Protein chains: 2
Amino acid sequence: MNAQFKKGVLELCVLAQLAKGDKYGYELTETISEEMSVASGTLYLLLRRLKDENYFETYLVETAGGPARKYYKLTDKGMSYTQELKSGWLEFVGQVDRLIQ
Amino acid sequence: MNAQFKKGVLELCVLAQLAKGDKYGYELTETISEEMSVASGTLYLLLRRLKDENYFETYLVETAGGPARKYYKLTDKGMSYTQELKSGWLEFVGQVDRLIQ
DNA sequence: ACAATATATGTTGTAATGCTACATAGATAG
DNA sequence: CTATCTATGTAGCATTACAACATATATTGT
């Protein structure tokens with residue numbers, strides 16, 4: 001797994017997952033891990049950064065078995081940023097395709 | 001243009017271009033610039049690194065008008081690395097697609 | 001009772017790579 | 001003789017993913 005390929009794209013994957021509904025950190029780690037390797041520490045750093053930039057709000061939910069979960073919820077700003085980032089990504093993939101075909 | 005998206009992928013674009021035939025640095029800058037923005041300094045650093053890793057050999061060609069051109073030629077190692085990187089990229093794009101669809 | 005495992009969040013320091021800005025130089029056009 | 005195009009190169013900075021570590025709760029196995 002080429003770590004460099006993920007630069008900037010992991011952010012899009014996280015945002016796109018949250019666009020489907022609120023999720024907590026550990027849950028995101030597991031979902032993304034189904035497709036590609038990702039260190040859990042990386043996810044938490046990314047989540048904190050995106051929260052600092054006001055792309056999400058968070059709330060805690062207690063659980064019967066295990067520690068509390070911190071859920072992330074996209075803000076309006078987060079939603080429009082997700083759309084921009086996604087279309088930027090699709091454009092980029094097209095550009096690369098034309099260069100490597 | 002999201003600079004992070006290019007991390008690692010610019011390398012693939014350069015290698016894939018050279019797989020089509022020898023090119024010199026300035027020529028690569030122009031070809032790649034048709035699809036995406038790229039600083040010429042970035043290209044020269046990348047070319048030096050890939051040469052240090054023995055993915056290319058180089059040769060100088062004098063020109064009638066202007067400075068000499070340094071051509072880059074893929075080695076066998078460079079060709080197989082290009083193939084690996086390309087299939088790694090295509091796999092990655094598929095993984096991202098499934099996460100952001 | 002105790003250890004191992006799964007769940008869950010977080011921090012520190014490092015490595016890789018693209019960007020900006022700058023430097024150099026030959027040849028040609030105005 | 002200045003500006004522009006062609007052509008190559010370097011120095012320092014910013015961003016982001018990784019490895020390794022730290023903390024804590026709850027359950028399962030022995």
Side-chain angles (χ1 to χ4, degrees), chain A residues 1-15 22-33 35-53 55-56 58-72 85 88-89 92 95-96 99, chain B residues 1-15 22-33 35-53 55-56 58-72 85 88-89 92 95-96 99:
Chain A
M1 175 90 256
N2 188 324
Q4 297 301 320
F5 286 165
K6 293 177 208 164
K7 295 283 168 85
V9 187
L10 207 48
E11 181 173 312
L12 169 60
C13 293
V14 165
L15 287 161
D22 302 358
K23 290 191 170 54
Y24 56 98
Y26 190 80
E27 190 180 10
L28 280 166
T29 306
E30 294 209 308
T31 305
I32 292 176
S33 293
E35 294 294 343
M36 65 182 75
S37 66
V38 61
S40 68
T42 299
L43 254 289
Y44 288 110
L45 283 171
L46 176 56
L47 289 167
R48 193 179 58 180
R49 176 165 63 80
L50 293 171
K51 193 195 172 191
D52 288 347
E53 290 170 25
Y55 294 129
F56 332 125
T58 57
Y59 54 93
L60 283 175
V61 175
E62 297 295 327
T63 53
R69 295 167 173 170
K70 187 188 276 187
Y71 279 83
Y72 294 84
L85 200 58
W89 168 250
F92 179 73
Q95 291 164 341
V96 174
L99 285 170
Chain B
M1 174 90 257
N2 188 322
Q4 296 301 321
F5 286 166
K6 293 176 210 166
K7 296 281 169 85
V9 188
L10 206 50
E11 182 174 311
L12 169 60
C13 293
V14 165
L15 287 161
D22 301 358
K23 290 191 169 53
Y24 55 98
Y26 189 81
E27 190 180 10
L28 280 166
T29 306
E30 294 209 309
T31 305
I32 293 175
S33 293
E35 294 293 343
M36 66 183 73
S37 67
V38 60
S40 67
T42 299
L43 253 292
Y44 287 110
L45 283 171
L46 176 55
L47 289 166
R48 194 180 57 179
R49 176 166 62 79
L50 292 172
K51 194 196 172 191
D52 288 346
E53 291 170 26
Y55 293 129
F56 329 126
T58 57
Y59 54 92
L60 284 174
V61 175
E62 298 297 325
T63 53
R69 295 166 173 171
K70 187 188 275 187
Y71 278 82
Y72 294 84
L85 201 59
W89 169 250
F92 179 73
Q95 290 165 341
V96 174
L99 285 169

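Note that the structure is predicted; figures quoted are calculated from it, not measured. Letters A, B, ... are given to chains in the order of the sequence lines, protein chains preceding strands, and every chain is numbered from 1.
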Between B:Arg69 and B:Glu62, does a salt bridge (Lys or Arg N to Asp or Glu O under 4.0 Å) hold up when you go through it step by step?
-> CA-CA 6 Å; B:Arg69 295 166 173 171; B:Glu62 298 297 325; over 6 Å; no
When we call it a touch if two heavy atoms are under 4.0 Å apart, what does [X] touch: a base, just sugar-phosphate, or nothing?
X	result
A:Leu10	sugar-phosphate
B:Gly8	sugar-phosphate
B:Tyr72	sugar-phosphate

Are the side chains of [Y] and [X] in contact, using a 4.5 Å heavy-atom criterion?
X	Y	answer
A:Met36	B:Val96	yes
A:Leu85	B:Phe5	yes
A:Tyr59	A:Lys70	no
B:Ser40	B:Glu30	no

According to a strict under-4.0 Å criterion, is [X] in side-chain N/O contact with OP1 or OP2 of [N]?
X	N	result
B:Arg48	D:dG9	no
B:Tyr24	D:dA7	yes
A:Arg49	D:dT16	yes
A:Lys7	D:dC18	no
A:Tyr26	C:dT9	no

Name the closest nucleotide to the A:Lys70 side chain, picking from D:dC18, C:dT20, C:dG10.
-> C:dG10
Picking from D:dA17, C:dG18, D:dA24, the nucleotide nearest the side-chain atoms of A:Pro67 would be D:dA24
Can you check the [X] [atom1] to [N] [atom2] distance for me, whole Å?
X	N	atom1	atom2	result
A:Glu27	C:dA8	CD	P	9 Å
B:Leu43	C:dT20	CG	P	13 Å
B:Ile32	C:dG18	CD1	P	10 Å
B:Tyr44	D:dA11	OH	P	17 Å
A:Leu45	C:dT11	CG	P	8 Å
A:Leu50	D:dT15	CG	P	14 Å
B:Phe5	D:dT15	CZ	C1'	13 Å
B:Arg69	C:dA27	CZ	P	13 Å

Comparing nearest nucleotides in DNA chain C, the 5'-proximal residue of the pair A:Ser40, B:Glu53 is A:Ser40
Take A:Gly41 and A:Thr63, find for each the nucleotide of DNA chain D with the closest heavy atom, and name the residue whose nucleotide sits nearer the 5' end.
-> A:Gly41
